[in-house]
Amino acid sequence: MENRGQKRTDTSEELPADKRACNSVEFRPSTSVSPVRTPMNEVHEAHDADMDTSSSTSGSMRSEGDMERDSSGSCDSDNNYRDYYRRRSSGDQSKFKKVMSSLTESVDESEQLAALNELCELLSFCSDSSLSGLMADSFSPLLVKLARHESNPDIMLLAIRAITYFCDVHPRASAYLVRHDAVPALCQRLSAIEYLDVAEQCLQALEKISQEHPLACLQSGAILAVLNYIDFFSTVLQRVALSTVVNICKKLPSESPSPFMDAVPILCNLLQYEDRQLVESVATCLIKITEQVGNRSDMLDALCKHGLVQQAVDLINLNSRTSLCQQIYLGLIQVLVKLASGSVLAVRTLFEINISRILKDILSSFDISHGITSSTTVDGQCNQVHEVLKLLNELLPATTTAGEQDSLITSEKVAFFTSRPDLLQSFGLDLLPVLIQVVNSGVNLYVCYGCLSVISKFVYFSKSDLLLEVLECTNISSFLAGVFTRKDFHVLLLSLQIVETVLQKLSHAFLSSFVKEGVFSAVDSFLSTERCSHSMFHTSNGLQEVASQKSASRDGGKCLCFAFDTGQSPTTSDPLVCKIDEDSIKKLAEHIKGSYFSAETMNLEKGLTAIFHKLKTLASRLAHMVSVEMVNSSSSDEREEELYLILRDIVSVLNGEDPISTFEFLESGIVRSLLMYLSNGQYMDGKEGAVRGKNHLCVIEKRFKAFGNLLFSFSKPTSLECPLPALIKKLQSSLAFVETFPVILSQKVKLKSSHAKIPYGRATSYPCLKVQFQKVEEELSLGEYVADVVTVDPFSTLDRIEKYMWSKVSTQKAGAKSAQSDGEGSCSSQSRTEDSMESDCMSNQVNEMQLEDNMEQVPEKGPTKITGCQRCDKDEESSPKLVFYLDGEELELGLTLYQAIIQRKFKEENDGSTSSSNLWSRVYKVTYGKAVEQINCQDHDCCSLGNATDSSRYPLLFSDIFASELTDMNGCTPAYDILSLLKCLEGINRFRFHLTAHDRMFGFVKGAIDDFDNYNLEVNGVPQSEFVNSKLTEKLEQQMRDPLAVSIGGLPAWCSQLMGSYPFLFGYDARCKYFWLAMLGQQASQSRLSRSDEVGVMHPRRQNSGNYSRKKFLVDRSKVLDSAIQMMNVHAQQKVVLEVEYHEEVGTGLGPTLEFYTLISHEFQKSGLCMWRGDHEAQRGIKDLERDESGVLAPLGLFPRPWSPRVDISVGSGFPNVMEKFVLLGQIVGKALQDGRVLDLPFSKAFYKLVLGKELTMYDIQLFDHELGRALLEFQALVEKKKYLESMNGESSSRLDLRYHRTRIEDLCLEFTLPGYPDYFAEPASGSKMVNMSNLEEFVSFVVDATIKTGISRQVEAFKSGFCQVLPIQHLRLFSEEELERLLCGEHSHWDANELLDHIKFDHGYTASSAPIINFLQIIQEFDIGQQRSFLRFVTGAPRLPSGGLASLNPKLTVVRKHCTGKWVDSDLPSVMTCANYLKLPPYSSKELMREKLLYAITEGQGSFHLS
């Protein structure tokens, strides 16, 4: 080679323009003067090099803008442009003819070179109309001939460049060039490279031609031509070469694989490169090649011999150095699936490189709850878990074969595993536990079936001794019993096959465990004819239910029998027709029962363990004694002591060393007995609720306290573990066994705009249901609804539809509206309901109205819940007038129409996972009739029962715990029992401080504790995460990912019912998603989720509230509070996102807005506002008070300052200002939550409880005032001891010597005023203004009432009213107090090195290994809390991180090098762009200097936004 053929560097700017390697788009002909750079590879390159956007882009944009401005001019200017282009086109054509003449006639190389230069220049700037097809066809042979020039490399280069330009300018130029053998000429130049720049130009020309004529390129050997010397080219040209191969591989012929198979070794070698785009292009080629030869075992073996298996495995490994896009990643797994399905060599290679360990890591680390799409294989879409399961299924031999080729491959696989059983055992040890975990997590039906298929194959082909070692590492018996609760035909058959195989090989080892875990009971249930309502297995009536799945599979798409077919061999089977016989399950169950069961085994009384019988006996005794108590209608201390002893024995058994299976736990009846005990029989009275007296409520409270103290005090003799976690775990596993809440997927539903006539008459972004309303035949008092088939909003509740229909069919209004048509005009303003007025504002309000409908199902919390007395407060107008029926069954008005139909569909199919794809084509005939008149409750005494007890003395913590209920449990009583007991345990855990305090108090009363200094109330509870059910959480996640979940009305009814009554079952992340879905609808909530891929959490800071418009508001820093009042007066009730800019400052956007919320948060914490406890400045009086800039002293958080009811609400009292500020505070908090902003308001936990609608008791005072709360508890203990001694000894209080810390109560000199608030006083009933032992109880009640009830109730209601102007406050009840603080105020935690490196981006001069960055990371790690807050406020505008920490910042925190002039580096300061979380840090010479400058910047650089 000559010198010009040496390898050229990536940057070619040093070369002359005519010798520079021509990128196919760098000189692309365009109508714009500015060159346009459009290909994706340049975008990737710029991104990889961390370059700014090039100026050419702005030039192009400017050119487009100029054209747009010109296009809006006069017609004369348009004509001028047309004339100009016409003249230019005519001139170009004459120039082309001149160049062609020169190239044809001239033989002098210099003249040819000049002509080619002119041709390239013409092609660079000409338009499409300048070059005719005839001209292009005439040029083609000339250019091909010149490209073959042997002596002058410049002629070659320019000729090939002209070929490249021709492909850009003329659409058919590539066809002309192919016809004149341009491709062989170009391949010839690449086969023996003499000049590198010529070869580079050939690559670009071939890339253009391959786009239109890939087959011609393939036949001419273009693949090998561009790949042979690919290492000599720069990365950019390597990408061009691979682009050519990709174009060819996308259109590979099936008849002759040899031309592309020769390139496989080179492509496999290229997979080792580090350039991501290059590797992805190579992977695409290999994926297409594998698809093409997938049916030929010899070709698949050839691919394996070239190392494709090893390279693909290296790339899908989680530790791979090259990260691939999801599509390519899945494609490589599919390559391995193809190889494993048709090549035993591939299977052998995969097992030898330990593929099971790699797939185990993928399944273990892959986030099941976020990564699985709702549309799995049904509509052709794949996902990672599904593809991994496909690979696992292909790695193992098939148990049945469909063809000769399959039989040969299967026999070879069997022979391989027979010779290497150790590999199969290693496979099971790695993957069996993970597969069981995946199934137990509640994944969809397809993933469950795939996992079971792998397990079935593994069990079938494993040797008995090795299989035993693997199964001993897992609780396979419990797993199989849980799977039997599924109702899919295919899943049940696979499970039975696994049972049969295990018993056939290892019956001696697993017979007893199958009995203990309920496997035999499940098998027997397939043969039973009577339904057992309390059983965990609901497969009765000769499997009629599961048999119906065969016909139902047509509605959902491909049958599960074909879900994991790879298409290795062609089959004539219809993928919609199930291959399994209807009686397969029954036959297999009969075989298992007859072969392995004995009469003694099947007898539960004899077959189960002694621990089961003991637990069942205790449960029966407990239930019997509770029933006796109910009959006697009285509760004595002796009987309560007996009940307590039985309870202690039950806890001892549950917490003992002997294991109890889930099946035994359920069958023993212990759950129902515990519920009867805790509810004092109320649970068994029916879910309707019965009116009970005060004594009944007190008994419930007493039993909850006894049970709670037992759970927290009882421990094993050899450990300190309390039994509560073990009981929760057992209940969780039991719930996973018995729950059958359906997952409704909409695989084939396309979200398209529609119009809902009922109930609002508006356009929707989702399909509507077709309904025909018909009157009940015997109904005479209602009119006919004249419209035939109407469209109904599927996510409107039936009670809203009822209001609309009542206005149409009621006889009172029929005459007035007889003239109106129920056609298009039926939705006029006269007939629209009041609720429809809200629908005209924004589409997002539909979702808010829907949430209100669903949240109405959530019962309000209070001291009592008497469902039978709710009618006392209802007038006749608010009660429903109509009832609706579908197929003869009454529909619940609280549900949406979609939910009601889905609920009925589920009952008919009785499957745990179904599809809603066929709902939208049907016309539903809904009949309506007049509702039965409701009779008002006559027992008015029960309505005041809730006030019968003093909550300060008898805090009824658990009296309403049985009031919540699920309206539709599908006959699944065990699930409701478990949910109710879990709710009881969660309440006990939440109120553990109250229980312990009460227990210690009465310990003091009875003399067990005689010194208050030892009054320790520290109790370690169970983490709230223990109450989260992973299976239900995954089901909810699947449901919310469904495209049809545009609001919570699009979810099945169980979602809102469980979320309302049992929110603790779901993780915080899932509840956040549900919250945003309820608040804003699917589009907004999905936008919140789309940027949370790193941590899988939707963080409020990341969000833009759906499609809400943005409004800017000007704020005066010196009057932040006044500006906030003006802002909320205008925008509180508007669905807009607020952005703040400050007076006389240039900054606007996210940073200034976050700082505004920080400033207003601090403003509310200043002294003198008279809002909070600890505001000592306010206690000097309202008059003549100057505002103090210091903050309120509230070490335990902010809590409202009590105001006496006697305070006049007139302006002079100052109280109206306090109320206005609480309203404003509620508006600010609601707006910050809606817009996703972070607040810096340290509310106390007690205040959060009030916001959540929970009632405070005396025990909660310590949450915001520890000294006062402790003193009140000790005073109450003295009161109770006085009562106890008086009852025991009959002595009067005057003779009792009871002291508070060795001091008489009288000597404390306490008056009947609220401590710390002398203007808040009471008039004691005893007449004495001083507190003594006789009126101490009255004093305690007064202080408690003033502190947490009467004294703060108006302020709390004002806060709630302000919040409700922005968002409905009841939505917050999904969260606990700690979670609500996290939602509103973000997080604050210490940073470790790994977290900082993972979530901070270093750019523009800095890397993670740069010396200044190392110093920077060390410095911020050493920050204390105050410095960390200042740093965050300096960089982001808020002193706290959003929920999720650094990982949730959007944009990501970025640190770049600040360029300073030489000697001025150490004197410059850091600067930031808060809107982008962008820190510009100078490269200081030392760590000490950087720390000094950084601290100076974050402390002095606050308070304004200017240009830096």
>> Using side-chain contact (heavy atoms from CB on, under 4.5 Å), reason through Leu622 and Met676 one step at a time and then give a plain yes or no.
In response: CA-CA 9 Å; Leu622 183 64; Met676 288 181 62; over 6 Å; no
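- Nearest heavy atoms, Ser673 versus Ala619: OG-O, 2.8 Å.
- Here Phe484 and Phe526 bring their ring centres to under 6.0 angstrom of each other.
- Between Leu467 and Leu471 the shortest side-chain heavy-atom distance falls below 4.5 Å.
- Across Ser477 and Glu517, no two heavy atoms sit closer than the pair CB-CG, 3.5 Å.
- Using a 4.5 Å heavy-atom threshold, the side chains of Thr1033 and Leu1065 count as separate.
- Counting heavy atoms from C-beta on, the side chains of Tyr1074 and Leu1374 come closer than 4.5 Å.
- Heavy-atom contacts from other residues, nucleotides or ligands closer than 6.0 Å to CD of Gln1024 number more than 12.
- How far NZ of Lys729 is from OG1 of Thr662: 10.0 Å, rounded to the nearest 0.5 Å.
- Looking at Val515 and Phe663, their side chains never come closer than 4.5 Å, going by heavy atoms from C-beta outward.
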> Between Lys1254 and Glu1377, does a salt bridge (Lys or Arg N to Asp or Glu O under 4.0 Å) hold up when you go through it step by step?
Replying inline: CA-CA 10 Å; Lys1254 299 177 181 178; Glu1377 299 86 60; 2.5 Å; yes
> When you look at Phe704 and Phe991, which way does the ring pair (Phe, Tyr, Trp, His ring centres under 6.0 Å) test go after all the steps?
Replying inline: CA-CA 10 Å; Phe704 265 95; Phe991 291 118; 9.5 Å; no
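- With contacts defined as side-chain heavy-atom distances shorter than 4.5 Å, the pair Val447/Cys451 qualifies.
- The shortest heavy-atom contact between Phe741 and Lys1035 is O-NZ, 2.7 Å.
- Taking a cutoff of 4.0 Å between a charged side-chain nitrogen and a carboxylate oxygen, Arg1071 and Glu1379 qualify as a salt bridge.
- In this structure, CD on Gln437 lies 8.5 Å from OG on Ser1030, to the nearest 0.5 angstrom.
- Looking at heavy atoms from C-beta onward, Phe612 lies out of side-chain contact with Phe665 at the 4.5 angstrom threshold.
- Summarising the geometry of Leu452 relative to Val491, their closest heavy-atom pair is CD1-CG1, 3.5 Å, with the distance given to 0.1 Å.
- Considering CG of Leu995 and CD of Glu701, their distance stands at 9.0 Å, rounded to 0.5 Å.
- Scored by the salt bridge (charged side-chain N to carboxylate O under 4.0 Å, His left out) test, Lys1031 finds Glu739 as partners (sequence neighbours excluded).
- Panel note: side chain Ser453, backbone Tyr449; no donor-acceptor pair is recorded below 3.5 Å.
- The side-chain heavy atoms of Ile902 and Gln899, taken from C-beta on, include no pair separated by under 4.5 Å.
- Heavy atoms only, all atoms of each residue included: Val483 and Ser495 are closest at CG1-OG, 2.9 Å.
- Residues Val1022 and Leu985 have side chains not in contact (no heavy-atom distance under 4.5 Å, counting atoms from C-beta outward).
- Val743 and Gln1039 get closest at one heavy-atom pair: CA-OE1, 3.3 Å.
- Side-chain atoms of Arg703 come within 3.5 Å of backbone atoms of Tyr677 as a donor-acceptor pair (strictly under, hydrogens ignored).
- With hydrogens and angles disregarded, no donor-acceptor distance shorter than 3.5 Å links the side chain of Ser456 to the backbone of Ile498.
- Electrostatic pairing of Glu1037 and Lys1073 counts as a salt bridge here, judged by a charged N lying under 4.0 Å from a carboxylate O.
- Checked for salt-bridge contact, Glu640 and Lys702 miss the test: no charged N lies under 4.0 Å from a carboxylate O.
- Using cut-offs of 30° and 60° on the angle between ring planes, the pair Phe514 and Phe510 is tilted.
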>> Run the side-chain contact (heavy atoms from CB on, under 4.5 Å) test on Phe707 and Leu678 for me, step by step, so that the C-alpha distance in whole Å, both residues' side-chain angles and the decisive distance to 0.1 Å come before the verdict.
In response: CA-CA 8 Å; Phe707 190 42; Leu678 292 173; 3.8 Å; yes
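- In this structure, Tyr596 has its ring center no closer than 6.0 Å to that of Phe520.
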>> I'd like to know whether Glu500 forms a side-chain contact (heavy atoms from CB on, under 4.5 Å) with Leu496, so could you lay out the CA-CA distance, the side-chain angles of the two residues, the decisive distance to 0.1 Å, and finally the verdict.
In response: CA-CA 6 Å; Glu500 198 272 338; Leu496 282 174; over 6 Å; no
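- A donor-acceptor pair is defined here as one N or O able to donate and one able to accept, closer than 3.5 Å; no such pair exists between the side chain of Glu1026 and the backbone of Pro1023.
- Interatomic distance, CD1 of Ile611 versus CD1 of Ile660, reported as 5.0 Å (0.5 Å rounding).
- Atoms OG and CG, from Ser734 and Leu666 in turn, are 4.0 Å apart once rounded to the nearest 0.5 Å.
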> Stepwise, does the side-chain contact (heavy atoms from CB on, under 4.5 Å) test hold for Tyr1062 with Asn1029?
Replying inline: CA-CA 11 Å; Tyr1062 312 95; Asn1029 187 280; over 6 Å; no
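- Put simply, CD1 on Ile650 and NZ on Lys614 are 11.0 Å apart, with the number rounded to the nearest 0.5 Å.
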